[in-house]
Amino acid sequence: MPELLSELTTLRLGGPARAYLRCDSAAAVAEAVGRCDAVGEPVLLVGGGSNLVIADAGFAGTVVHVAHEDVVIDGTVLTADAGAIWDDVVAASVDAGLGGLECLSGIPGSAGATPVQNVGAYGVEVAAWLDAVELYHRATGETEWVAPETLGLGYRTSRLKQHEAPGGGSAAAGPADVVLRVRFALSDGASAHIRYGELARALGAEPGGTVDPAAARRAVLDLRRGKGMVLDAADHDTWSVGSFFTNPVVPAASAAAIVARIEEATGESTPQYPAPDGVKLSAGWLIERAGFRKGYDGGRTGVSLSTKHTLALTNRGTGTTAELLDLAREVRDGVFARFGVELRPEPVLVGAELPALRP
Ligand SMILES: Cc1cc2nc3c(=O)[nH]c(=O)nc-3n(C[C@H](O)[C@H](O)[C@H](O)COP(=O)(O)OP(=O)(O)OC[C@H]3O[C@@H](n4cnc5c(N)ncnc54)[C@H](O)[C@@H]3O)c2cc1C
């Protein structure tokens with residue numbers, strides 16, 4: 001049993017848990033969660049710990065570490081246990097000559113967590129290739145394969161994700177359903193459409209076209225390494241949860257006024273992308289234009305923005321969760337003060353709070 005949950009998180013932050021159960025099969029995960037639920041014991045599911053910000057005080061409940069990890073490929077269908085390491089799953093799909101997941105190379109964590117926030121990168125989200133998800137329903141104790149359409153998959157969200165409670169705290173109850181396995185229906189040979197300009201340029205590909213999945217995987221890993229977005233224990237820039245904030249989506253009705261305000265304040269045109277419910281802005285761009293440069297620490301010694309990517313908040317080795325959230329608060333409040341746009345955290349906060357915005 002790990003003494004501290006910092007041993008299970010990519011931030012290397014988080015205090016102790018009351019109990020820890022490592023589960024090496026789907027049945028063991030379902031049984032562990034069911035046993036806790038029967039006695040009202042709070043449960044924290046942990047895969048790779050790469051999207052978790054856990055309080056310094058730890059978690060007053062049982063950590064269920066999802067660690068079953070088989071991957072089976074049958075034709076163009078890939079089925080992965082929830083605990084399979086996601087990048088191994090992507091590598092296995094590419095090695096088998098299958099396309100679809102290559103743009104999601106290098107994302108840390110487990111296969112089972114990918115639908116939780118509908119992971120995405122370089123213009124692709126898992127939602128595009130998910131065929132079915134096997135869930136353990138905590139309310140009924142039943143196990144069932146469900147269609148992805150039932151999961152409410154959206155931009156870095158789904159109904160499986162624990163969202164912040166009002167005021168910025170988080171609920172300890174955990175998600176209603178536990179992912180036991182994920183199934184993807186992939187393409188026989190061609191990559192996903194390469195829509196992300198930076199990746200298309202790196203590949204010398206036509207935007208919107210397809211390429212060899214192995215070439216796309218190599219290019220994505222190279223791009224990600226340059227941004228500190230591939231785990232490397234020796235590089236503190238990767239002691240993070242990846243992007244700490246989601247890109248803000250402003251409602252269509254107010255988008256023009258907000259963009260005009262930002263452009264007046266900066267004298268530059270701000271990156272903006274169409275989104276289903278409005279216009280998506282770039283959180284990293286706004287953070288830099290609000291005066292927070294790469295490596296910014298605001299006088300703190302244990303945490304700072306990554307020196308490679310403004311959107312990643314990192315532990316420099318001696319950080320605490322309290323210090324990290326204080327930096328997050330300063331950045332969020334600074335962006336709001338300058339542009340009137342509120343950034344929201346992407347990771348799941350456990351027992352920890354991002355203090356409410358002080359406009
Ligand atoms: C360097 C770095 C780069 C990153 N880049 C990206 C990126 O490009 N795109 C992106 O989308 N994300 C990115 N992330 C975030 C993170 O890797 C993903 O969200 C990943 O899917 C989390 O997987 P995990 O197994 O580590 O989840 P954990 O951190 O262990 O858990 C995250 C949440 O999911 C829940 N959970 C875990 N397993 C299950 C399960 N089996 N069933 C139900 N709930 C579960 C947990 O309780 C928790 O609420 C990055 C993180 C890092 C550190």
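Index from 1, following the sequence. Both counts, for ligands and for their atoms, begin at 1 and track the order of listing. Please read all numbers here as calculations on a predicted model, not as lab measurements.
Among protein heavy atoms, the minimum distance from atom 52 (C) of ligand 1 is reached at G242 N, 3.2 Å. Residue, atom and distance of the protein heavy atom nearest to atom 9 (N) of ligand 1 are G120 O, 2.8 Å. What sits closest to atom 47 (O) of ligand 1 on the protein, heavy atoms only, is L45 O, 2.6 Å. Protein heavy atom in closest approach to atom 33 (C) of ligand 1: V348 CG2, 4.1 Å. With respect to atom 41 (N) of ligand 1, the closest heavy atom belonging to the protein is V179 O, 3.0 Å. In terms of protein heavy atoms, atom 32 (C) of ligand 1 is closest to N51 CB, 3.9 Å. When only non-hydrogen protein atoms are considered, atom 24 (P) of ligand 1 lies nearest to G48 N, 3.4 Å. Summary of contacts: the protein heavy atom closest to atom 21 (O) of ligand 1 is V119 CG1, 3.2 Å.
Side-chain atoms of T314 and R316 form a donor-acceptor pair, as typed in the model, at a separation below 3.5 Å. Side-chain N/O atoms of D56 and T321 include a donor and acceptor closer than 3.5 Å.
Distances from atom 22 (C) of ligand 1 to the heavy atoms of S50, P115, A84 put S50 nearest. For atom 38 (N) of ligand 1, the nearest non-hydrogen atom from the set A113, P175, C103, G49 comes from A113. Among A82, G228, P108, S158, the residue whose heavy atom lies nearest to atom 20 (C) of ligand 1 is P108. Here the shortest heavy-atom distance to atom 4 (C) of ligand 1, taken over R156, R224, E134, belongs to R224.
Under a 4.0 Å N-O distance rule, the pair R225/D232 does not qualify as a salt bridge. By the 4.0 Å N-to-carboxylate-O rule, R300 lies close enough to E330 to be salt-bridged with it. Salt bridge absent: E7 and R12 never bring a charged side-chain N and a carboxylate O closer than 4.0 Å. Checked for salt-bridge contact, D37 and R35 miss the test: no charged N lies under 4.0 Å from a carboxylate O. Ion pairing between a basic and an acidic side chain is recognised when a charged N comes within 4.0 Å of a carboxylate O; E102 and R217 show no such pairing.
At a 4.0 Å heavy-atom cut-off, ligand 1 touches V241 through the backbone alone. For Q117, every heavy-atom contact with ligand 1 shorter than 4.0 Å involves the side chain, none the backbone. At a 4.0 Å heavy-atom cut-off, ligand 1 touches I107 through the side chain alone.
In this structure, the side chains of L98 and P213 stay at 4.5 Å or more apart for every pair of heavy atoms. Counting only heavy atoms from C-beta outward, the side chains of W86 and P108 never approach each other to under 4.5 Å. Counting heavy atoms from C-beta outward, L313 and V303 have side chains that stay 4.5 Å or more apart.
Contact atoms of ligand 1 toward A121: 8 (O) (distance under 4.0 Å to a heavy atom of the residue). Every atom of ligand 1 is numbered from 1 in the order shown, and the set under 4.0 Å from a heavy atom of V46 is 30 (O). For ligand 1, the atoms sitting less than 4.0 Å from at least one non-hydrogen atom of T10 are 53 (C), numbered in the order shown with element in parentheses. Heavy-atom contacts of S240 reach the following atoms of ligand 1: 1 (C), 53 (C) (cutoff under 4.0 Å). Interface of G109 with ligand 1, defined as ligand atoms under 4.0 Å from a residue heavy atom, comprises 23 (O), 24 (P), 25 (O), 26 (O).
Not a single heavy atom of K161 sits under 4.0 Å from any atom of ligand 1. Within the 4.0 Å heavy-atom cutoff, V116 counts among the residues contacting ligand 1.
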Exercise for the section: For the pair E125 and R156, evaluate salt bridge (Lys or Arg N to Asp or Glu O under 4.0 Å) and give the outcome as yes or no after the intermediate values. Expected result: CA-CA 9 Å; E125 294 177 334; R156 297 303 168 272; 3.7 Å; yes

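With hydrogens and angles disregarded, no donor-acceptor distance shorter than 3.5 Å links the side chain of H137 to the backbone of A139.
The two residues E346 and T246 come nearest to each other via the heavy atoms CB-CG2, 3.8 Å. Heavy atoms only, all atoms of each residue included: D333 and L357 are closest at OD1-CD1, 3.1 Å.
Considering both main-chain and side-chain atoms, S110 comes within under 3.5 Å of ligand 1 through a nitrogen or oxygen pair.
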